[in-house]
Amino acid sequence: MLPADYEHLTPAQAIAVHEQMRNNVMIETLDKPINIIGGADISFNKYEETVYAGIVLFTYPELKVIGQASAIGRTSFPYIPGLLAFREVPALLDAWNKLETKPDVMVLDGQGIAHEHRMGLATHFGLLTDAPSIGSAKNRLSGRYTEPTNEPFAQSLLYDRDEVIGIALRSKKNCKPIFVSPGHKVSMAQSIDIIKTCIRGYRIPEPTRQAHNFVNQVRISHGDKGNEQLSMF
DNA sequence: GCGACAG
DNA sequence: ATCTTGTCGC
């Protein structure tokens with residue numbers, strides 16, 4: 001199954017693809033030094049099928065920007081909770097292939113294994129690129145957790161039944177927690193440590209925060225007017 | 001059957 | 001996700 005054909009899949013077929021892919025997910029310690037970390041995100045406006053994907057590269061742990069790549073794609077696959085990857089991964093792969101240097105680990109704007117079928121966007125992307133990946137989502141998709149105390153870096157485990165699939169992390173005081181989970185080829189503990197290292201005063205970790213700003217800029221530069229109202233005449 | 005539901 | 005203006009809290 002090629003990502004280029006994702007838009008032709010029915011939701012049932014997409015789920016079947018996920019069930020097949022989950023057998024290859026590896027949640028294990030990445031025993032290679034991390035010198036470069038990447039952040040990825042997608043931008044689009046709900047009235048069009050155009051998707052703007054972008055990846056920003058940083059030195060780690062200094063987090064100085066050292067590169068970036070973007071890609072403009074189109075998708076007809078709708079947003080369906082649990083099947084986000086089928087909408088965003090194709091364009092993200094295009095951006096990934098334009099990167100001159102590949103990062104040691106990637107941070108994606110979505111879930112890793114904190115997913116009903118352990119196949120969140122970050123896990124899916126990691127499998128297709130064979131790159132270590134981590135999911136950092138702004139909202140919970142699945143799993144149960146207790147609210148972390150209101151202190152910086154307070155955290156609580158995210159459970160699916162009795163299995164720990166991620167954590168709710170208070171990245172900043174007085175802000176809603178973010179949901180961190182390993183994507184592929186990194187452990188739970190490493191994922192948490194890396195994301196904490198990437199928190200620099202904002203609720204969102206630098207990789208995805210800056211990738212978000214980048215893709216929005218790409219979208220605007222491309223001429224997207226967003227939610228501009230149509231004139232009556 | 002009724003809610004929940006990444007972006 | 002995107003859009004949008006003000007408003008509440010630290």
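Sequence lines set the chain letters: A, B, ... in the order given, protein chains first and strands last, and positions in each chain run from 1.
- Atom NZ in A/Lys172 sits roughly 14 Å away from atom P in C/dC10 (whole-Å rounding).
- Between the side chain of A/Arg140 and the main chain of A/Gly143, a donor-acceptor pair closer than 3.5 Å is present.
- Cation-pi geometry between A/Arg144 and A/Tyr159 is not satisfied (NZ or CZ under 6.0 Å from the ring centre, within 45° of the ring normal).
- Going from atom CZ of A/Phe179 over to atom P of B/dA6 covers 11 Å, rounded to whole Å.
- To the nearest angstrom, C1' of C/dT4 lies 11 Å from NZ of A/Lys46.
- The pair A/Asp130-A/Lys185 meets the salt-bridge criterion, since a charged nitrogen lies less than 4.0 angstrom from a carboxylate oxygen.
- You can call A/Tyr79 stacked on the base of B/dG7; the centres are under 5.5 Å apart and the planes sit within 30°.
- Put simply, CG on A/Asp109 is 6 Å from P on C/dA1, counting in whole angstrom units.
- For B/dG7, one of the phosphate oxygens OP1 or OP2 lies less than 4.0 angstrom from a side-chain nitrogen or oxygen of A/Asn139.
- Applying the side-chain hydrogen bond (donor to acceptor under 3.5 Å, both in side chains) test to residues at least two apart or on different chains, the pairs with a partner in residues 75-87 of chain A are A/Glu7-A/Ser76.
- The distance from atom CD1 of A/Ile42 to atom C1' of C/dT2 is 14 Å, rounded to the nearest whole Å.
- Whole-Å rounding puts the A/Asp41 CG to C/dT2 C1' distance at 12 Å.
- The side chain of A/Ser43 lies closest to C/dT2 when the candidates are C/dA1, C/dT2, B/dA6.
- Counting non-hydrogen atoms under 4.0 angstrom, A/Arg140 reaches the backbone sugars and phosphates but no base.
- Counting any heavy atom pair closer than 4.0 Å across all strands shown, A/Leu92 reaches no nucleic acid atom.
- Heavy atoms of A/Gly120 sit under 4.0 angstrom from at least one base atom.
- Among the protein residues, A/Gly82 comes within range of the nucleic acid bases, having at least one heavy atom under 4.0 Å from a base atom.
- Dashed line: the shortest gap from a side-chain N or O of A/Lys138 to OP1 or OP2 of B/dG7 is under 4.0 Å.
- Non-hydrogen atoms lying under 4.0 Å from DNA chain C are contributed by A/His212, A/Asn216, A/Arg219, all within residues 190-219 of chain A.
- Among the protein residues, A/Lys173 comes within range of no part of the nucleic acid, since none of its heavy atoms lies under 4.0 Å from any strand.
- Between A/His115 and A/His18, a ring centre-to-centre spacing shorter than 6.0 Å is recorded.
- For the pair A/Asn174 and A/Ile220, nearest-nucleotide mapping onto DNA chain C gives the more 5' position to A/Ile220.
- Side chains of A/Glu48 and A/Asn45: a donor-acceptor N/O pair is present below 3.5 angstrom, by distance only.
- The separation between A/Glu49 atom CD and C/dT2 atom C1' is 17 Å, rounded to whole Å.
- Spacing between atom CG of A/Leu141 and atom P of C/dA1 amounts to 14 Å, rounded to whole angstrom units.
- For residues 103-126 of chain A, the salt bridge (Lys or Arg N to Asp or Glu O under 4.0 Å) pairs, not counting sequence neighbours, are A/Lys32-A/Asp104, A/Asp109-A/Lys138, A/Arg118-A/Asp160, A/Arg118-A/Glu163.
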ring-ring contact (aromatic ring centres under 6.0 Å, His included) between A/Tyr6 and A/His124, intermediate numbers included: CA-CA 13 Å; A/Tyr6 278 6; A/His124 195 131; 5.5 Å; yes

